[in-house]
Amino acid sequence: MALCVLGLLLTAWCGAVAWYGVRSSVQPAEMAVIFGTAVTDQGGPRPALQDRLETGLNLWKEHHVRTLMVSGAVETENHQDEAEIMAHWLEAHGVPASDIIVDSQGNNTWLTALHVAEESPDGAVVVSQWFHIMRAEWALRHAGVNRVSGAYPARFRVPELWYLLREAVALPVYVLTKTPPSRDGV
């Protein structure tokens, strides 16, 4: 019985995370933050990352944002810099380098949020897949960024259901373990 209740609660929570993500709407902001994810060994974006890049590019082209922050890690397996690859892709698609902020130390959502907060943007749009929007927005808000909204690619891929389950666990962990930086330097 307890397992059934736990399963129902987890299913309901996954539904809430999904609903929040797919209901997100873009609010005009100074910056779009494109969250990194895996790249190819040859230094190109994998499909999910390309979807994010296209979404961010469209926000910039449609003047919803003025700058694009690309944030990702240097991958341990292939040593590819996700953020640099993202920046090069955007430049190849018409975005001037002056409109791109590169964060190669965005090893996770929380670090990216802290790096965005250091930029003090007048609003930010998180760009990721729908299942990640709730946690990414939460992280930016709790890092001190005001006026946060979300955008996600319209394309759905079946593996995203696994990531939804992962996000349903990750968000409560973030709420319990991540604290905003001290405002007084202590």
Side-chain angles (χ1 to χ4, degrees), residues 9-10 12-37 48-49 51-60 62-73 82-83 86-87 90 95 99-154 160 162-186:
L9 289 173
L10 181 59
W13 177 237
C14 285
V17 171
W19 182 252
Y20 185 94
V22 299
R23 298 273 303 155
S24 64
S25 62
V26 174
Q27 302 300 317
E30 179 181 340
M31 173 188 296
V33 182
I34 305 171
F35 284 78
T37 188
L49 183 55
D51 291 347
R52 293 178 189 186
L53 289 166
E54 289 169 357
T55 301
L57 177 63
N58 288 335
L59 291 172
W60 179 81
E62 295 167 5
H63 305 287
H64 293 291
V65 298
R66 291 189 304 273
T67 59
L68 298 168
M69 181 174 190
V70 291
S71 184
E82 294 170 0
M86 294 160 65
L90 289 167
V95 181
D99 286 357
I100 302 170
I101 300 168
V102 178
D103 171 23
S104 296
Q105 302 302 311
N107 295 0
N108 59 49
T109 301
W110 183 246
L111 285 175
T112 295
L114 294 176
H115 299 159
V116 173
E118 289 172 3
E119 297 291 328
S120 300
D122 182 20
V125 179
V126 301
V127 179
S128 190
Q129 264 65 25
W130 56 273
F131 54 79
H132 185 229
I133 297 293
M134 183 185 258
R135 181 164 59 105
E137 285 187 15
W138 182 92
L140 265 67
R141 285 190 188 102
H142 283 82
V145 179
N146 294 316
R147 293 189 323 102
V148 178
S149 65
Y152 64 94
E160 292 175 355
W162 161 250
Y163 291 110
L164 171 61
L165 181 60
R166 190 182 88 172
E167 283 300 314
V169 173
L171 181 59
V173 169
Y174 263 53
V175 170
L176 294 171
T177 63
K178 304 299 181 198
T179 57
S182 173
R183 296 282 181 215
D184 59 9
V186 177

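Position 1 is the first residue of the sequence, and the numbers go up from there. Only heavy atoms go into these numbers, but all of them, side chains included; no hydrogens, no water, no symmetry mates. Small disclaimer: the values here were computed from a predicted structure and weren't measured.
In this structure the side chain of Leu68 never reaches within 4.5 angstrom of the side chain of Met86, judged on heavy atoms. Residues Val148 and Trp138 have side chains not in contact (no heavy-atom distance under 4.5 Å, counting atoms from C-beta outward). Thr112 has its side chain within reach of Asp103: a pair of non-hydrogen atoms, C-beta onward, lies under 4.5 Å apart.
Across all non-hydrogen atoms, the minimal contact from Ala124 to Leu140 is CB-CD2, 3.9 Å. Scanning all heavy atoms of the two residues, the minimum distance from Pro121 to Val116 falls at CD-O, 3.3 Å. When all heavy atoms of Val102 and Ala87 are compared, the closest pair comes out as CG2-CB, 3.7 Å. Between Ser24 and Gly150, the closest heavy-atom pair is OG-O, 3.5 Å. Heavy atoms only, all atoms of each residue included: Thr109 and Ala136 are closest at CG2-CA, 3.8 Å. For the residue pair Ala143 and Ala113, the shortest heavy atom distance occurs at CB-O, 3.6 Å.
Looking only at distances, a side-chain donor or acceptor of Arg52 sits under 3.5 Å from a matching main-chain atom of Gly36. Between the Glu82 side chain and the Gly72 main chain, no donor and acceptor come within less than 3.5 Å of each other. Distance alone, capped at 3.5 Å, is enough to place a donor-acceptor pair between the Trp13 side chain and the Ala168 backbone. No donor-acceptor distance shorter than 3.5 angstrom exists from the side chain of Arg141 to the backbone of Asn146, with no hydrogens or angles considered. Between the Ser71 side chain and the Ser104 main chain, no donor and acceptor come within less than 3.5 Å of each other. Side chain of Gln105 to main chain of Ala73: no donor-acceptor pair is present (N/O by atom type, distance under 3.5 Å, no hydrogens or angles). Between the side chain of Tyr174 and the backbone N or O of Trp110, at least one donor-acceptor pair lies under 3.5 Å. Formation of a donor-acceptor pair under 3.5 Å by the Tyr152 side chain with backbone atoms of Val127 is not found in this model.
Note that the OG1 atom of Thr67 and the CG atom of Leu59 stand 11.5 Å from one another [nearest 0.5 Å]. The structure places CD of Gln129 at 5.0 Å from CD of Glu160, a figure rounded to the nearest 0.5 Å. For the atom pair Leu53 CG and Asn58 CG, the distance stands at 11.0 Å (nearest 0.5 Å). With rounding to the nearest 0.5 angstrom, the CG atom of Leu9 is 11.0 Å from the SG atom of Cys14. Atoms CG and CZ, from Leu171 and Phe131 in turn, are 13.5 Å apart once rounded to the nearest 0.5 Å.
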Does the side chain to side chain contact (heavy atoms under 4.5 Å, CB included) test come out yes or no for Val95 and Leu57, once each step is laid out?
CA-CA 8 Å; Val95 181; Leu57 177 63; 3.4 Å; yes
What do the steps show when you test Val70 against Leu90 for side chain to side chain contact (heavy atoms under 4.5 Å, CB included), and what is the final call?
CA-CA 9 Å; Val70 291; Leu90 289 167; 3.6 Å; yes
Criterion ring-ring contact (aromatic ring centres under 6.0 Å, His included) on His132 and Tyr163, from CA distance to verdict:
CA-CA 8 Å; His132 185 229; Tyr163 291 110; over 10 Å; no
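Residues Gln27 and Arg147 bring no donor and acceptor atom of their side chains to less than 3.5 Å of each other.
Taking Glu167 as the reference, Arg135 meet the salt bridge (Lys or Arg N to Asp or Glu O under 4.0 Å) condition, with sequence neighbours excluded. The ring pair (Phe, Tyr, Trp, His ring centres under 6.0 Å) test applied to Trp60 returns no partner, not counting sequence neighbours. A search for salt bridge (Lys or Arg N to Asp or Glu O under 4.0 Å) contacts involving Glu54 returns nothing, not counting sequence neighbours.
Considering Val126, Ile101, Val65 as possible partners of Met31, the one that fulfils the side-chain contact (heavy atoms from CB on, under 4.5 Å) test is Ile101.
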